[in-house]
Amino acid sequence: MDQQSGATQQNPGTEKIWSRDFLFIFLANFFIFLGFQMTLPTIPLFVEQLGGNDQLIGFVVGIFTFSALLVRPFAGRMLETRGRGFVYLIGLAIFVISVGSFGFAVSIAFLFLMRVVQGVGWGFSTTASGTIATDLIPPRRRGEGMGYFGLSGNVALAMGPTLGLALAEVITFKVLFLASAFLGLTAFLLASKITYKKVEKSESEAERRKWDVYEKSALQPSLLLLFITVTFGGIASFLPLYSTQKGIEGIQWYFFIFAMALMLSRSFAGKLYDKKGHGAVFLPGTFLIMIAMILLAWLPNSLVMFIAAGLYGFGFGSVQPALQAWAVQEAPMNRKGMANATFFSFFDLGVGVGAMAFGQIGHWLGYGSIYIASAISVSISIILYIFMSRRTVRN
């Protein structure tokens, strides 16, 4: 089976996506994301139990994003120098240890520190997993393959938050976080079975890129992504508070509908990207996201919230894998890892900046203004895309 997988990677004419190794990376990504998504809505509850206020909750939640952001460039370079398997397994191990330690935290300071450590593991593992998936997908089906790969995280998104909140009602936080760590350990065991692409580089190349922290060819799609993921920061951090303030029920269904729409869109958006290019995916997808933000700014009832969830899921599920495939496709063969690192760094930056900036906007102008600002951010991404496309045509 390993030899067959190796042949799949070496033969550019092969069109098979679902190889043995691709299935392993798909499942490993699912389990690590499931463990992560279970902690996402429960960590604020745990901070509250430890005596933290809203401000401390924001710090504990937000620091994770920025620690992941800081390590991604180093993870990208290590993918090309130390190898895919080394970076991925180290990242998964750090994630397992940090999440397992949450349940033993007796102070917010310790929890804050371990969230920083978790961000390091998350930055390493997610940067590596996207690169590994890219290695395993035939180039001519990269958009489709990345769409399938993204389903692993989407299924976890659909299950994880609801499962985490349900478990928090019947078990202790210690057991909950240990269960999340066990899911990470499952991902580690699956990842250890993958046959990874060997690193091929010259010493002069390694020295020349010693202080390199980004891939230039990935900057355009990554910049577009930043203005889109800003919206995610506003939704994840403030939509539950906003809906409660307006007396609207069913916030848990918002995230479920969002995840279902993500999965549905990724079943066809990747194929459309492969056939028609990013223009056929990006503009319709961003338009749906912008409409969803306008609906959330209005938000008169639960039905509108659910419609916004579906539109946002369709739009984000189409745009994100297309931009990632674009970022990786434009990069040289020995820079795929750094391209993924650049892409996810901008992803993290957008979410972090969105959460922090929208906190101030919501405080000054109310929660509804957050989603007006989000719609403006998406429109900036559309304008930038049109400008980039016209410049490319001229050149």
Side-chain angles (χ1 to χ4, degrees), residues 32-79 82 86-130 153 160-161 164 173-174 176-185 187-188 213-214 226 229 232-233 236-237 340-359:
I32 193 69
F33 266 82
L34 183 61
F36 169 72
Q37 293 293 343
M38 283 173 58
T39 66
L40 197 60
T42 53
I43 283 178
L45 301 177
F46 185 49
V47 174
E48 187 176 45
Q49 185 183 86
L50 292 175
N53 55 24
D54 291 340
Q55 186 177 18
L56 286 173
I57 289 173
F59 276 119
V60 172
V61 172
I63 191 60
F64 167 88
T65 298
F66 288 98
S67 61
L69 167 65
L70 290 175
V71 304
R72 286 197 190 279
F74 302 100
R77 182 172 182 272
M78 290 175 65
L79 285 169
R82 300 298 300 272
F86 176 83
V87 176
Y88 192 38
L89 293 174
I90 288 293
L92 291 174
I94 294 173
F95 180 89
V96 170
I97 294 170
S98 59
V99 172
S101 71
F102 290 171
F104 298 94
V106 293
S107 69
I108 294 177
F110 178 78
L111 180 62
F112 183 88
L113 175 63
M114 297 315 296
R115 281 287 285 176
V116 173
V117 176
Q118 184 195 12
V120 173
W122 186 252
F124 271 78
S125 60
T126 52
T127 302
S129 62
F173 282 112
K174 180 178 180 179
L176 172 64
F177 293 136
L178 287 176
S180 298
F182 178 78
L183 291 172
L185 179 61
F188 181 92
V213 294
Y214 71 95
L226 184 147
T229 54
F232 195 80
S237 302
N340 265 307
T342 302
F343 182 81
F344 282 110
S345 291
F346 276 75
F347 191 112
D348 293 336
L349 184 61
V351 174
V353 169
M356 295 176 66
F358 290 150

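Remember, predicted model here, so these are calculated numbers, not experimental data.
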Hey, which of L185, V96, I32, T39 is the one that makes side chain to side chain contact (heavy atoms under 4.5 Å, CB included) with S180?
T39
Shortest non-hydrogen contact from P73 to L69?
CD-O, 3.4 Å
Any V47 side-chain heavy atom under 4.5 Å of F112 side chain
no
Ignoring hydrogens and geometry, is there a side-chain-to-backbone donor-acceptor pair from T229 to F232 under 3.5 Å?
no
Does a sphere of radius 6.0 Å around CZ in F182 hold more than 12 heavy atoms from other residues, nucleotides or ligands, not counting ones at 6.0 Å or beyond?
no
Quick check: do R82 and I90 have side-chain heavy atoms less than 4.5 Å from each other?
no
To the nearest 0.5 Å, how far apart are CG in L50 and CD1 in I108?
5.5 Å
Once you round to the nearest 0.5 Å, how far does CZ of F46 lie from NZ of K174?
10.5 Å
The side chain to side chain contact (heavy atoms under 4.5 Å, CB included) partner of S67 among V116, D348, V117 is V116
Any side-chain heavy-atom pair of L111 and F102 under 4.5 Å
yes
Identify the heavy atoms of F110 and S101 that sit nearest to each other, and give their distance.
CE2-O, 3.7 Å
Write down the atom of S345, the atom of R72, and the distance for their closest heavy-atom approach.
OG-CB, 3.2 Å
Atom of G103, atom of F177 and distance for their closest heavy-atom approach:
N-CD1, 3.6 Å
Looking only at heavy atoms, which two atoms of L226 and F346 are closest? And how far apart?
CD1-CD2, 3.6 Å
Can you check side-chain contact (heavy atoms from CB on, under 4.5 Å) on T126 and F33, steps first, answer last?
CA-CA 9 Å; T126 52; F33 266 82; 4.2 Å; yes
Give a yes or no answer on whether the side chain of S125 reaches the backbone of W122 with a donor-acceptor pair at less than 3.5 Å.
yes
In Å, rounded to the nearest 0.5 Å, how long is the span from OH of Y88 to OG1 of T127?
11.5 Å
Run the side-chain contact (heavy atoms from CB on, under 4.5 Å) test on F95 and F36 for me, step by step, so that the C-alpha distance in whole Å, both residues' side-chain angles and the decisive distance to 0.1 Å come before the verdict.
CA-CA 9 Å; F95 180 89; F36 169 72; 4.0 Å; yes
Find the distance between CZ (F124) and CG (L89) and round it off to the nearest 0.5 Å.
12.5 Å
Spacing of T65 atom OG1 and R115 atom CZ [to the nearest 0.5 Å]
7.5 Å
